[in-house]
Amino acid sequence: APGPVGVSLTTTPTLNYCPDKSSHLIGHLAGLLRETTREELIDYFPEMDNGGRLRPTDCAARQRLAVIFPYRNRYQHLHVVLHNLLPILKRQQVDVTFFVIEQSALSTFNRGALQNIGFLEAQKLSSFDCYIFHDVDLIPLNDNNLYRCESNPRHFAVALNKFNYRLLHSNYFGGVVGFSREQYLKVNGNSNLYFGWGGEDDDLRIRLYNKHFKLLRYSPDIARYHMIKHTRDIGNELNPLRYSLLKNAAARQDIEGLNTVKYRIVNITFDRLYTWITVEINTSE
Ligand code: UDH
Ligand code: NGS
């Protein structure tokens, strides 16, 4: 229909906000577990912008989401999880940018510090509303598991195959978790002191309770994941200090975390599928 007299029809129409819940969701998913490649994914998702941004074309998303993968030497897992996440987030009409935060060789893996670095570096590049920290080996199995931020931090990875699709225990906060920008700042992010496996996720949950946040979870039927089977990585051995660190997690919260993480950027690449940031974590403090 012609526009009102005097109104130019050549201006780009502004998109309406996306609905609160997308009409494209289908519920339970089998999970795509076959190996795939970067090239294949670029072919499947030509609409991605450089740096790994996917956004709806027919509506304006209400939040900008950064998905942050703490990463080292899991190239195949990374592409399998993206093969699953891309169609799901597309159906959810999410405006998402993927960040791979790779810890360079030599030092022991530090998942918490990598999450802090991902938050800080993503924030330097764009203004995101929501940050989801995502293990590379967790495949979501229901697209009603909405990747967005709300009034409190959310634990997304509630029901994992390796725990028979049940919550491990009420304080479990591992795998996939989400914070708004304000929430992550308020808890002062993760502790940087956990080198090796275990405890850093428990520390983050203590920080969250200590700042009087509640923990949101969808039902196990929705927040369901398949963990790709793997062995323990070299450079991520059990951390023998984890229990003693946890004892004073709350006392340390404001003086150690997002505000103290020390690192050096080795490289940043704006790939079609992700912004890939390689870092050296400073272990001298
Ligand atoms: N990660 C890497 N590279 C590493 C170590 C960890 O990318 O070398 C990242 C990755 O995103 C991974 C996450 O950190 O999903 C968590 O590490 P993890 O998968 O090793 O932890 P999880 O608890 O497994 O899943 C621990 C090893 C269990 C071996 C049991 C063998 N039966
Ligand atoms: C706890 C660990 C957590 C870990 C959880 C599940 O005991 O970091 O097991 O591990 N905490 C400590 O060790 C203090 S899992 O079964 O997924 O390998 O997330």
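For ligands, and for the atoms within them, numbers begin at 1 and follow the listed sequence.
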Within 4.0 Å of some non-hydrogen atom of Asn236, the atoms of ligand 1 are 5 (C), 6 (C), 20 (O)
State the atoms of ligand 1, each with its element, that fall below the 4.0 Å cut-off from a heavy-atom position in Tyr71. 7 (O)
Protein heavy atom under 4.0 Å of atom 19 (O) of ligand 2: yes
Looking only at the side chains, is there a donor atom on one of Asn144 and Tyr218 sitting less than 3.5 Å from an acceptor on the other? no
Pair Tyr184-Asn190, side-chain donor/acceptor within less than 3.5 Å: yes
Determine, for Asp201 against Arg111, whether the closest basic-nitrogen to carboxylate-oxygen distance falls under 4.0 angstrom. no
One residue to check: Leu160. Relative to ligand 2, which of side chain, backbone, both or neither has a non-hydrogen atom less than 4.0 Å away? neither
At under 4.0 Å between heavy atoms, which part of Lys162 makes contact with ligand 2: side chain, backbone, both or neither? side chain
With a 4.0 Å cut-off on heavy atoms, is [X] in contact with ligand 1?
X     : result
Pro70 : yes
His77 : no
Asn73 : no

Report yes if [X] has an N/O atom closer than 3.5 Å to an N/O atom of ligand 1; otherwise report no.
X      : answer
Asp137 : yes
Met227 : no
Arg72  : yes

Within the structure, does [X] bring an N/O atom to less than 3.5 angstrom of an N/O atom in ligand 2?
X      : value
Trp197 : no
Asp202 : yes
Gly199 : yes

Exam field: side chain Ser22 to backbone His24, donor-acceptor pair closer than 3.5 Å: yes
From atom 24 (O) of ligand 1, work out which of Glu200, Arg232, His230 has a heavy atom at the shortest distance. His230
What protein heavy atom sits nearest atom 16 (O) of ligand 2, and how far away is it? Phe163 CZ, 3.2 Å
Write out the residue and atom name of the closest protein heavy atom to atom 20 (O) of ligand 1, then the distance separating them to 0.1 Å. Arg74 NH2, 3.2 Å
Measuring from the heavy atoms of Asn239, does anything fall under 4.0 Å of ligand 2? no
Below 4.0 Å from any atom of ligand 2, is there a heavy atom belonging to Gly198? yes
Check each heavy atom of Phe69 against ligand 1 and say whether those closer than 4.0 Å belong to the side chain, the backbone, both or neither. neither
For the rings on Tyr44 and His83, is their centre-to-centre separation under 6.0 Å? yes
